[in-house]
Amino acid sequence: MTLLQTRREQLFPVLDTGQIATARRFASAAERRFAPGDRLYAIGEVEAPSWLIVSGSVEVYRRGGLSGEHVVTDYVAGQFSGELNHLAGRASISGGRAGPEGCTAIPFDAAHLRALIIGSAEIGEIVMRAFILRRVELIEDAEAGTIIIGEPQSADVVRLQSFLVRSGFPNIFLDASTDVEGAALVHRIGVPSEELPLVVCPDGTLLRDPSEAELSAGLGMIPNIAQDARYDVAIVGAGPAGLAAAVYAASEGLTVIVLDERSTGGQAGASSRIENYLGFPTGISGRALAGRAFSQAIKFGAQVAVPLKVDRMDCADGGLALELEGGRRMVAGAVIIASGASYRRPDIAELSYFEGSSVSYWASPIEARLCAGKEVGLVGGGNSAGQAIVFLAPHVARLHVFVRRPLAETMSRYLIDRVEALPNVEIHVGREIASLRGDDGHRLTGATFRNLADGSTHECDLHHLFLFIGADPNAGWLNGCVDTDAKGFIKTGAGGLSLQTSRSGVFAIGDVRAGSTKRVAAAVGEGASVVAQIHAMMAEAGRGGVEAAQTTASPPLVGPHV
């Protein structure tokens with residue numbers, strides 16, 4: 001049964017007369033009357049308002065595959081239009097037009113909608129649940145969202161699909177060779193194979209083999225950031241630590257922006273199931289946890305700019321500024337470094353040749369589909385590796401796991417028990433990768449592994465390799481502004497604040513911090529604690545408020561608060 005069949009009342013709740021009266025007080029403008037067929041919002045429209053229907057109906061339409069627009073549902077009196085993109089001010093995936101009898105509706109732009117959700121707990125719960133479920137329904141719908149046309153084993157197809165999935169954006173894949181619609185479009189517009197994959201955005205825009213940044217621009221994912229924009233708190237990194245900090249800081253009325261060059265969730269976002277996180281006895285996927293955290297952050301008014309790379313921190317003259325890709329710059333009262341760690345790459349000459357198509361640093365349903373029924377390998381013995389093993393084993397013919405030490409030394413007991421119970425998993429202790437081999441299409445066919453004890457090698461036929469061998473601190477962008485240890489992790493504890501770095505106003509949390517506990521719960525806890533320490537820093541400066549984080553070289557901060 002689909003979500004639409006089982007939870008329709010929560011997907012499309014109807015507010016009663018009293019709730020509509022309460023909602024009116026938060027509207028961004030007066031109600032409007034629309035004639036039949038008039039458009040309320042368009043597919044791809046950025047910062048389109050949500051509409052509370054007072055009378056009549058609104059037809060919701062979106063693009064289904066390559067077959068053009070079609071109506072998917074109707075909003076009636078008492079219902080809100082929109083989903084999570086409307087709450088975040090991002091481009092709309094669907095469009096809305098007045099039904100046959102026309103309609104009267106009340107507009108709520110993103111800021112006023114967030115004010116309603118926070119100001120009325122009852123209505124806020126109803127609307128937030130509906131918006132989240134509508135996004136889930138869009139992802140479930142096989143004909144909704146961004147269309148990717150290309151070869152299924154292409155590294156670029158995998159790259160773009162992974163980006164969209166980890167960003168919580170619905171997408172459809174069409175095989176350029178076998179799908180009739182996909183092949184016809186590629187032929188009609190004359191796209192050569194080297195320019196595939198072809199991406200069709202919800203508004204009909206065509207992109208040829210785009211980068212993640214180009215795709216996010218086409219989807220309206222990144223908010224407009226003015227040159228030298230000022231924020232109370234700038235958070236670099238959208239993993240559990242950064243998102244937690246965003247939720248707590250924004251909920252206290254601070255203007256907050258979160259930046260990440262890849263996607264929300266960080267390394268935890270790639271975890272198929274986290275089973276030791278408090279409050280989730282049956283476990284939760286990293287992607288689901290990140291999605292919920294993102295929804296909370298935007299609910300309180302935080303801006304989330306993903307993917308957007310921070311090139312460097314500028315700490316000259318005592319100020320705090322971030323220089324972004326494309327030449328943009330922003331100023332912050334406090335900077336929270338939550339940039340985590342970068343996946344460690346073993347020193348193998350052939351590795352880059354297979355990355356993306358046959359070598360992965362995470363295990364998602366996309367990778368599981370690519371290696372279904374095949375013999376695959378996995379390197380690593382930590383908890384992330386254990387979660388990946390449990391997730392992958394049901395999909396593959398055989399899974400070879402290569403570790404330097406016994407699992408008991410590096411993995412939680414509950415995961416070891418589960419791994420040992422899998423009949424198609426073989427553990428190779430005391431082994432490391434020596435070399436890889438494959439075909440001309442960047443597809444892996446086998447690997448050579450070395451015995452650490454005696455140096456002997458052996459061959460293994462593998463069609464995909466997963467690497468979970470740890471990570472290095474992602475701190476190169478800091479431009480020497482803060483002190484690090486010998487391994488590059490950021491030292492904290494300055495000024496009597498456990499999370500403050502050697503530079504006042506700059507804090508570090510999560511995996512990038514020296515001495516941190518590498519657990520999701522610890523990262524979330526630091527994300528909450530750092531906001532309290534920012535307030536303590538302000539109080540210590542003797543001025544209180546946001547201005548305490550600013551030096552004399554920086555002008556006072558301005559910005560809307562919800």
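Everything numeric here is computed off the predicted structure, so don't read it as measured data.
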Peer 1: Using a cut-off of 6.0 Å, state whether more than 12 heavy atoms not belonging to R208 lie near its atom CZ.
Peer 2: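 Yes, enclosed.
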
Peer 1: Pair R33, T104 - check side-chain hydrogen bond (donor to acceptor under 3.5 Å, both in side chains), show working.
Peer 2: CA-CA 4 Å; R33 177 66 189 172; T104 300; 3.2 Å; yes

Peer 1: Using the ring of Y61 (Phe, Tyr or Trp, six-membered ring only), decide whether R97 places NZ or CZ under 6.0 Å from its centre and within 45 degrees of its axis.
Peer 2: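 Yes; both conditions hold, so R97 lies above the ring face of Y61.
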
Peer 1: Between W362 and R166, is there a side-chain heavy-atom distance shorter than 4.5 Å?
Peer 2: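 Yes; the side chains approach each other to less than 4.5 Å.
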
Peer 1: How many angstroms lie between OH in Y248 and CD1 in I534, if you round to the nearest 0.5 Å?
Peer 2: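 One gets 14.0 Å once the value is rounded to the nearest 0.5 Å.
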
Peer 1: Are the side chains of Y231 and V256 in contact, using a 4.5 Å heavy-atom criterion?
Peer 2: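 Sidechains of Y231 and V256: no contact.
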
Peer 1: Is there a side-chain contact between E122 and T22 (heavy atoms, below 4.5 Å)?
Peer 2: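 E122 does not reach T22 side chain to side chain.
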
Peer 1: Assess R32 against W51: is NZ or CZ under 6.0 Å from the centre of the six-membered ring, and within 45 degrees of the ring's axis?
Peer 2: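 That pair does not qualify as a cation-pi contact.
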
Peer 1: Evaluate L185 against L198 for side-chain contact (heavy atoms from CB on, under 4.5 Å), listing each step before the verdict.
Peer 2: CA-CA 9 Å; L185 178 62; L198 181 67; 3.9 Å; yes

Peer 1: For a side-chain contact (heavy atoms from CB on, under 4.5 Å) check, start with the C-alpha distance between F300 and I118, then their side-chain angles and the critical distance, and finish with the verdict.
Peer 2: CA-CA 7 Å; F300 289 116; I118 295 170; 3.7 Å; yes

Peer 1: May I ask you to decide if A176's main-chain N or O and D179's side chain share a donor-acceptor pair within less than 3.5 Å?
Peer 2: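 No; zero donor-acceptor contacts below 3.5 Å.
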
Peer 1: What's the shortest heavy-atom distance between A363 and E367, and which atoms?
Peer 2: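 The pair with the smallest heavy-atom distance is C-OE1, 4.0 Å.
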
Peer 1: Stepwise, does the side-chain contact (heavy atoms from CB on, under 4.5 Å) test hold for L87 with R114?
Peer 2: CA-CA 7 Å; L87 186 62; R114 292 193 296 266; 3.5 Å; yes

Peer 1: Between P202 and L219, which heavy-atom pair has the shortest distance, and what is it?
Peer 2: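 Scanning both residues, the minimum pair turns out to be CD-CD2, 3.4 Å.
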
Peer 1: What I'd like to find out is whether the side chain of E252 reaches to under 4.5 Å of the side chain of V531, using heavy atoms alone.
Peer 2: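 Yes, their side chains come closer than 4.5 Å.
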
Peer 1: In terms of side-chain geometry, is the basic nitrogen of E31 or R24 positioned less than 4.0 Å from the acidic oxygen of its partner?
Peer 2: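 Salt bridge: yes.
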
Peer 1: What distance do L478 atom CG and M313 atom CE have between them, rounded to the nearest 0.5 Å?
Peer 2: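 Separation between the atoms: 5.5 Å.
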
Peer 1: Using the side-chain hydrogen bond (donor to acceptor under 3.5 Å, both in side chains) rule, take D156 and S154 through it: C-alpha gap first, then chi angles, then the decisive distance, then the call.
Peer 2: CA-CA 5 Å; D156 287 319; S154 162; 4.7 Å; no

Peer 1: Looking at V304, L259, V530, I336, which hits side chain to side chain contact (heavy atoms under 4.5 Å, CB included) with I235?
Peer 2: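 That would be I336.
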
Peer 1: Do other residues, nucleotides or ligands put more than 12 heavy atoms under 6.0 Å from R369 CZ?
Peer 2: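 Yes, because the 6.0 Å sphere around CZ of R369 holds more than 12 heavy atoms from other groups.
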
Peer 1: Counting only heavy atoms not in E125, do more than 12 fall under 6.0 Å of its CD?
Peer 2: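 It does not: E125 CD has 12 such atoms or fewer within range.
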
Peer 1: Taking R230 for its side chain and D228 for its backbone only, find out whether a donor-acceptor pair lies under 3.5 Å.
Peer 2: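 The answer is yes, because a donor-acceptor pair under 3.5 Å joins these two groups.
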
Peer 1: Check the surroundings of atom CG in L278: do more than 12 heavy atoms from other residues, nucleotides or ligands lie under 6.0 Å from it?
Peer 2: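 No, because the 6.0 Å sphere around CG of L278 holds 12 heavy atoms or fewer from other groups.
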
Peer 1: Atom CG of L308 and atom CG of L322: how far apart are they, to the nearest 0.5 Å?
Peer 2: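 Result: 10.0 Å between the selected atoms.
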
Peer 1: Using modelled atom types and a 3.5 Å cut-off, is there a donor and acceptor pairing between side-chain atoms of S271 and backbone atoms of Q267?
Peer 2: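 Side chain of S271 to backbone of Q267, a donor-acceptor pair under 3.5 Å: no, none is there.
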
Peer 1: Answer yes or no: is there a donor N or O on one side and an acceptor on the other, between the side chain of E45 and the main chain of A42, under 3.5 Å?
Peer 2: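 Confirmed, E45 side chain pairs with A42 backbone.
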
Peer 1: Just so I know, are the side chains of P152 and V157 near enough to count as touching, which here means a heavy-atom distance under 4.5 Å?
Peer 2: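 Answer no - side chains too far apart.
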
Peer 1: So, for I148 and L164, which heavy atoms are closest and what is the spacing to 0.1 Å?
Peer 2: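 Of all heavy-atom pairs spanning I148 and L164, the closest is CD1-CD1, 3.9 Å.
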
Peer 1: As an exercise, state the distance from CG of L40 to OG of S81, rounded to the nearest 0.5 Å.
Peer 2: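 The OG atom of S81 is 7.0 Å from CG of L40, to the nearest 0.5 Å.
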
Peer 1: For a quick test of reading the model, state the closest non-hydrogen atom pair linking R134 to L11 and the distance between them.
Peer 2: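 Closest approach of R134 to L11: NE-O, 2.8 Å.
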
Peer 1: Testing the basics here: between M330 and A234, what is the closest heavy-atom pair and its distance to 0.1 Å?
Peer 2: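 Answer, listing the atom of M330 first, then A234: SD-CB, 4.4 Å.
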
Peer 1: Using a 6.0 Å cut-off, check whether atom CG of N224 has over 12 heavy atoms from anything other than its own residue.
Peer 2: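 No, not enclosed.
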
Peer 1: What is the distance from atom CG of L289 to atom OH of Y277, rounded to the nearest 0.5 Å?
Peer 2: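 Answer for the CG-OH pair, L289 versus Y277, is 5.5 Å.
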
Peer 1: Is there a donor-acceptor pair closer than 3.5 Å between any side-chain N or O of S50 and the backbone N or O of F80?
Peer 2: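 Side chain of S50 to backbone of F80, a donor-acceptor pair under 3.5 Å: no, none is there.
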
Peer 1: Relative to F169, does R135 satisfy both conditions: NZ or CZ under 6.0 angstrom from the six-membered ring centre, and within 45 degrees of the ring's axis?
Peer 2: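 The answer is yes, since R135 meets both limits relative to F169.
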
Peer 1: Which heavy-atom pair separates I53 from V76 by the least distance, and what is that distance?
Peer 2: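 Scanning both residues, the minimum pair turns out to be CB-O, 3.4 Å.
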
Peer 1: Go through the steps for I509 and I337 under the test side-chain contact (heavy atoms from CB on, under 4.5 Å), then give the verdict.
Peer 2: CA-CA 6 Å; I509 57 176; I337 305 166; over 6 Å; no

Peer 1: Roughly how far, to the nearest 0.5 Å, is CG of L160 from OG1 of T146?
Peer 2: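 Between T146 OG1 and L160 CG, I get 10.0 Å after rounding to 0.5 Å.
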
Peer 1: With side chains defined as the heavy atoms from C-beta onward, is the minimum distance between R273 and S285 less than 4.5 Å?
Peer 2: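 Not in contact.
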
Peer 1: State whether the side chain of R62 and the backbone N or O of V71 hold a donor-acceptor pair below 3.5 Å, judged by distance alone.
Peer 2: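 Between the backbone of V71 and the side chain of R62 there is no qualifying donor-acceptor contact (under 3.5 Å).
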
Peer 1: Does the side-chain hydrogen bond (donor to acceptor under 3.5 Å, both in side chains) test come out yes or no for Y75 and E59, once each step is laid out?
Peer 2: CA-CA 7 Å; Y75 294 127; E59 294 179 340; over 6 Å; no

Peer 1: Between T205 (side chain) and C201 (backbone), is there a donor-acceptor pair under 3.5 Å?
Peer 2: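 Checked: no pair found.
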
Peer 1: Tell me if a side-chain donor or acceptor on N85 pairs with a main-chain N or O of A91 at a distance below 3.5 Å.
Peer 2: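 Checking the backbone N and O of A91 against the side chain of N85, a donor-acceptor pair under 3.5 Å is found.
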
Peer 1: Can any side-chain N or O of N474 pair as donor or acceptor with the backbone N or O of A341 at less than 3.5 Å?
Peer 2: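 Checking the backbone N and O of A341 against the side chain of N474, no donor-acceptor pair under 3.5 Å is found.
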
Peer 1: So does Q227 have more than 12 non-hydrogen atoms from other groups sitting under 6.0 Å from CD?
Peer 2: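 Check passes, neighbour count above 12.
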
Peer 1: Taking the side chain as every heavy atom from C-beta outward, state whether L499 and R513 have any pair of such atoms under 4.5 Å apart.
Peer 2: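 L499 vs R513: side chains touch.
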
Peer 1: Would you confirm whether S28, through its side chain, and P107, through its main-chain N or O, come within 3.5 Å as a donor-acceptor pair?
Peer 2: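 Here the side-chain-to-backbone pair exists.
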
Peer 1: Regarding Q533 and Q500, do their side chains bring together a donor and an acceptor under 3.5 Å, going by distance alone?
Peer 2: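 On atom types as modelled, these side chains do not qualify, holding no pair under 3.5 Å.
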
Peer 1: Taking side chain as C-beta onward, heavy atoms only, is E261 less than 4.5 Å from E212?
Peer 2: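 No, too far: nothing below the 4.5 Å cut-off.
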
Peer 1: Ring centres under 6.0 Å, that's the criterion: do F108 and H86 meet it?
Peer 2: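 Not close enough - the centres of the two rings lie 6.0 Å or further apart.
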
